[in-house]
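A, B, ... follow the sequence lines: proteins, then strands. Residue 1 opens every chain.
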Amino acid sequence: MIPSRLILNGRTIMKQNTLSFEKQLSDWCANTFATCFPDSDLSTFTLGVTPGKNEQFGDYQCEAAMKLSKKLRTNPRAIGQAFIDHAVLPGLIEKIEIAGPGFINIFLKNEGISIQLTDMLTDENLGLPNKGNNQTVLIDYSSPNIAKPMHIGHIRSTVIGNSIDRLYRALGYNVIADNHLGDWGTQFGLIILGYREFADHDALKTAPVEELERIYVESYNRSKEDGTWRDRAKAELVKLQQGDKENRALWATFIQLTLSEFNKIYKRLDVSFDLYRGESFYNDDLAKTVEKLEMAGLSEESDGALICNLEEDGLAVAIVRKSDGGYNYTTTDIATVASRTEEFSPAEIIYVTDERQQLHFKQFFHICKQLGIETKLTHIWFGLMRLPEATFSTREGNVIKLEALLDEAEARALEVVKASSPDMDETQQKEVARAVGIGAIKYTDLSQNPQSLVTFTWKKALAMDGNSAPYLQYAYARIASVRDKYATKFPGINPDEFPIKLTEEQERRLALKLIRFPSAVESAARLHRPSVMADYLYDLSQAYSSFYQNVPFLKAEQGPRESRIRLCTLTASVLKKGLSLLGIETPERI
RNA sequence: GCGCCCGUAGUUCAAUGGAUAGAAUAGUGGCCUCCGAAGCCAUUGAUCUGGGUUCGAAUCCCGGCGGGCGCACCA
């Protein structure tokens, strides 16, 4: 429970506190309700505050009176009145009132808001609480297949997973980012055979992954028509699995070639992993895993295969050992969880994949539980990306390579930069175009609910105005410019020696957005939804742009000028930090 | 057949069961002698359909309609 003197004194002690401002207000509400109704158990209710949606209804609102109405057999307005009668107002609250059916509206004092702002300004973490407390969370994302180029379908797992990674780190979790590569499986028999028979070694040098894919596709097609080819491929696979030196070496080469290409893309996307443990890493655990299942009585024979029958639990049958004795992904994933749990003892393992794998994850999560693995397992899924006319398919030849997407983004951004900053030197123009182009791509993916259908269009992916990364980057760059101008025009004055005073409407609105930053980060992480963060940042930028355009600051007199410069500084810090949580850069000039 | 997801302005997206459904873009009309117009201000325009639960439903439940995905040896 929060020591309410913290806000009763009108001052929070953010740096020593693990609670965001919004959480403190919420706790204050809950405590007040507890005082009002000491005889009732209210612990099952959420009695917190939410940011006000309409200024006339206050800065924060509490809807608890209506929710408690039934339990307390009292009408909501009477509950609200009891709340007001019992409430000891913290110093930063101006007033509270009941409105409508029973909303409790909370109005903050301007000085109260200013204190929050000042606290944020002096905290290098901008008020972010340490929620993780060094608990380990393992995040499994991106996870592309070896020997296939990444196309635009891969960007979502990579970018969304990376943002969740960043959000958790920012909240004090010890994150392990693990790229669970598809580096094992029947396709390698086909690739090895194809490589031996018809590899184009020049192409392997210039575009290795494309060539490997070509080899795979051609070999696959042959295996469908030619039984001999199929048998030979299978023989190569068996040799690989039995540890044949040559095949192992080839396999290792394929991985090396592919990874070096992937790493170029990861570098462009500013994504990095702590581990690159592919499926092969767990290969030796598979037999043991199946043994455990059998011992636990969780598996049974069926048509020559070994299965886990989950039909009683409303799930389909999962095969854990094929009739030819081979293992498949359910087994690998169970082994992976066991290994990760043993090695890292994570509080949670988070998987980020597309929607097609929902059933698979439900199945193996279920089996893990039956095996007694307590680790919290979470599957974050997102909708497949498709083209307006069809889904992607290598066979249709309508895939858009990730590399091409990034190139195009940078090229289009460069046009815009050249048009609006013709005086910038060319190196810098390119550098800005890179940050802006990549930012635009990422933002498009991160700013929407991942679970809805996504249709790829160039127009959408490369949006540069309106609700887009460049809009946020532009806001940031303008502030950077203001800061520089201030320093030149008023040398020797330290804005921090002036208090923050909120006199204009636009300043107050901006300030209210700023103090919500920590709770926005918490929500985004808790819901595993980077879009919550993106929404918040866009909201903040809109508030800033409106402030910027309508309130003079460099031209204001001393006092208000410094106060506003401090608001600008804090906005810049929040934008920079917030965008970094989306993996988006903030150039000082764009 | 069974299961999961989605259906909101012309278009692309928002909205922990909360007050008058927000933005962007496209359209219309304004704002650069003034801190960066990649911007700001104003304006037109939407919850697929029929029931139900609730003080209160875009949101929850049931039934339609439309779209996507998954259901035994690919991951």
Query raised in the report: Hey, mind stepping through A:S302 and A:I319 against side-chain contact (heavy atoms from CB on, under 4.5 Å) and telling me if it holds?
Result: CA-CA 9 Å; A:S302 172; A:I319 292 176; over 6 Å; no

Considering only side-chain heavy atoms of [X], which listed nucleotide, [options], is closest?
{"X": "A:L554", "options": "B:G18, B:C5, B:C35", "answer": "B:C35"}
{"X": "A:K485", "options": "B:C55, B:C35, B:G70", "answer": "B:C35"}
{"X": "A:V482", "options": "B:G36, B:C40, B:U16", "answer": "B:G36"}
{"X": "A:K67", "options": "B:G36, B:U16, B:C35", "answer": "B:U16"}
{"X": "A:M66", "options": "B:A75, B:C13, B:G18", "answer": "B:G18"}

Touch class at under 4.0 angstrom, heavy-atom based, for [X] against every strand present:
{"X": "A:S546", "answer": "sugar-phosphate"}
{"X": "A:D354", "answer": "nothing"}
{"X": "A:N449", "answer": "sugar-phosphate"}

**Report entry** Geometric class of the A:Y548/A:Y544 ring pair [parallel <30°, tilted 30-60°, perpendicular >60°]
**Finding:** tilted

Report summary line: Nearest-nucleotide check on RNA chain B, A:Q549 vs A:A316; residue mapping nearer the 5' end is A:Q549

Report task. State whether the aromatic ring of A:Y329 stacks on the base of B:C74, taking stacking to mean ring centres under 5.5 Å apart and ring planes under 30° to each other. Result -> no

Query raised in the report: Does A:F103 stack onto the base of B:A19, taking stacking as ring centres under 5.5 Å apart and planes under 30° apart?
Result: yes

Query raised in the report: Between A:T158, A:I155, A:I160, A:V352, which is the residue that forms a side-chain contact (heavy atoms from CB on, under 4.5 Å) with A:S142?
Result: A:T158

Report summary line: Residue set satisfying side chain to side chain donor-acceptor pair (under 3.5 Å) with A:Y443, at least two apart, ordered chain then number -> A:N467

